[in-house]
Amino acid sequence: MRTATPTATCGDSWRAAVPFDEAGTASWRSLAAFLCGAPCAEDELRTRLRMLLPEYMMPNRIRFLDAMPKNVNDKVDYLALRRMAAENA
């Protein structure tokens, strides 16, 4: 899953989700969600996501950013997001 459903956001925002290794096992069993734009309460967002997603697709972590990291081609840098998710593990 690379993007969340638009109805799962709190207003207009950029969103991305990346798998990350939470336990140091390279199993990619955790999911981190990153959002930019109109922030909302994390519990409100989780409630909306629970209505739209099955439990295994629910992010373990949700982080609000000022801007998505970009690579040299001006696209979302998913590797940077993965590193940010792992740093907070």
Side-chain angles (χ1 to χ4, degrees):
M1 181 178 108
R2 290 218 173 191
T3 60
T5 306
T7 57
T9 63
C10 302
D12 294 330
S13 64
W14 280 89
R15 56 220 163 261
V18 294
F20 70 100
D21 177 20
E22 187 170 24
T25 61
S27 61
W28 306 113
R29 293 187 184 188
S30 298
L31 189 65
F34 295 90
L35 291 95
C36 294
C40 65
E42 185 175 332
D43 56 341
E44 176 187 349
L45 182 60
R46 285 190 183 279
T47 300
R48 290 181 183 192
L49 288 173
R50 278 192 186 93
M51 290 187 284
L52 297 168
L53 300 173
E55 187 61 33
Y56 72 91
M57 293 180 78
M58 287 295 297
N60 299 65
R61 297 203 167 96
I62 296 175
R63 185 168 172 192
F64 294 94
L65 303 174
D66 293 329
M68 288 288 175
K70 302 288 179 106
N71 63 21
V72 294
N73 296 322
D74 200 36
K75 295 181 180 179
V76 174
D77 189 346
Y78 288 97
L79 292 176
L81 290 176
R82 216 175 253 169
R83 284 191 295 268
M84 289 168 56
E87 286 173 2
N88 295 331

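Please read all numbers here as calculations on a predicted model, not as lab measurements. Numbering of residues begins at 1 and proceeds along the displayed sequence.
Scanning for salt bridge (Lys or Arg N to Asp or Glu O under 4.0 Å) contacts around R50 gives an empty result, with sequence neighbours left out. Shown here are the side chain to side chain contact (heavy atoms under 4.5 Å, CB included) partners of L65, two or more places apart in sequence or in another chain: F34, C36, R63, M68, P69, L81, M84.
A distance-only check finds no donor-acceptor pair linking the side chain of R46 to the backbone of A41 [under 3.5 Å].
Hydrophobic cluster membership is shared by I62 and M58, with clusters built from Ile, Leu, Val, Met, Phe, Trp and Tyr side chains linked at under 4.5 angstrom. Neither M51 nor L35 shares a network with the other; the hydrophobic side chains, linked directly or stepwise wherever heavy atoms of I, L, V, M, F, W or Y lie under 4.5 Å apart, form separate groups for each.
In this structure, N73 places its CG atom where more than 12 heavy-atom neighbours from other residues, nucleotides or ligands lie under 6.0 Å away.
Between the CE atom of M57 and the CG atom of L31 there is a distance of 8.0 Å, given to the nearest 0.5 Å. The structure places CZ of R83 at 6.0 Å from CG of D77, a figure rounded to the nearest 0.5 Å.
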